[in-house]
Amino acid sequence: MKSLVLEERLKLSLRDFPIEREEALGVRDVRIKLHTVGICGSDVHYYTHGGAGPFQVKAPMILGHEASGIVVETGAEVTSLKLGDRVCMEPGIPDPNSRATRMGLYNVDPAVRFWATPPIHGVLRPSVVHPENFTFKLPDNVSFAEAAMVEPLAVGVHAATKAQVKPGDIALVMGAGPIGLVTALSALAAGCARVFVSDVDDTKLELAAKLGAITPINVARQDLAREILAATDGWGVEIVFECSGSPRAAEGVFDPLCPAGRVVFVGVQMRGINYDVGKAMVREARVEHVFRYAHVFPRCVAMLSSGAIDVKPLITRTFDFEDSVRAFEIAASAPKGEVKMQIALPQ
Ligand code: ZN
């Protein structure tokens, strides 16, 4: 079976790339046969741009990091997993001895090795060797497709945690892409009474409005701050999650924010941005940043299993592995209304 290889910018191929045969199974590792892999904005960005910031694709690299699969081999000291277990995997492996990891902040360990971030290969391939500690068993009622959504969902759960959501908070999520929508779901699951979601894509906003107590705002036609202030008796929202990655949206984060509100920057900003410190000051706003997530995969799996969060409506299209080059071409065209596209590997 083949792997999906990004040879260079705008050049993908499905070909033999037998790295998994070179991957030795450590005593605390498992070998996983891949089942479903989601297409992430970062995968698409590497495809269209050949890199992101300091991470440049200098040699052929396998894409994909949002994954679920089946355990097919276990190391001698593995205790929590066995052959045939259905699992999802956390794609970043930190150095266990680094200072950040020892402090519990392993996501910001500078030495973290993260799938499909150059030069580390991703998992659009037959199998992968992964540490037991970063591999999570799935309950029977969580599908492989839902499990491949745990990775993006983890970003939303981490953001809601950083925001310290309190029951009854009202939040705004800027951006109705996959990360915006999982953040909105996480904010509701954490106790928000209502979440506003802003975007310019009506199809995505219609989908957002069906996910719960979510009020869509199309910023192509509506003034975001005016709508929010009108809906909150002029007070504003307790939390703004910036998930669009748009410098323009980021500039406006304080306008709809209430006094002592919190802003969490979630969307990746490719360049430096400006925001108005004066507006932050007069509100005594707290500003947080997130980088991926830490310690949240088990929570995400538990919420999918209990029904506290339903990610199924976000999965708008599934491709066969043989069509994965075309899947990336479609993803790169930023098709309207598509939220999460996934690739199902042959079993
Ligand atoms: Zn991702």
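Computed from a predicted model, the values in this text were never measured in an experiment. Counting convention: from 1, in listed order, for ligands and their atoms alike. Side-chain atoms are counted along with the backbone in the values below, which use heavy atoms only and exclude waters and symmetry mates.
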Salt-bridged, Lys210 to Asp310, with N to O below 4.0 Å?
-> no
The Zn ion (ligand 1) to nearest N/O/S of Glu151 below 2.8 Å = yes
Donor + acceptor pair across side chains of Thr36, Gln342 (<3.5 Å) | no
Out of the N/O/S atoms in Glu66, what is the name of the one closest to the Zn ion (ligand 1)?
-> OE2
Begin from the C-alpha positions of Tyr106 and His295 and carry the test ring pair (Phe, Tyr, Trp, His ring centres under 6.0 Å) through to its verdict.
-> CA-CA 9 Å; Tyr106 64 83; His295 311 293; 4.8 Å; yes
For the Zn ion (ligand 1), find the closest N/O/S atom on His65 and give its atom name.
-> NE2
Establish whether Phe114 and Phe55 are linked, either directly or via other cluster members, by ILVMFWY side-chain heavy-atom contacts under 4.5 Å.
-> no
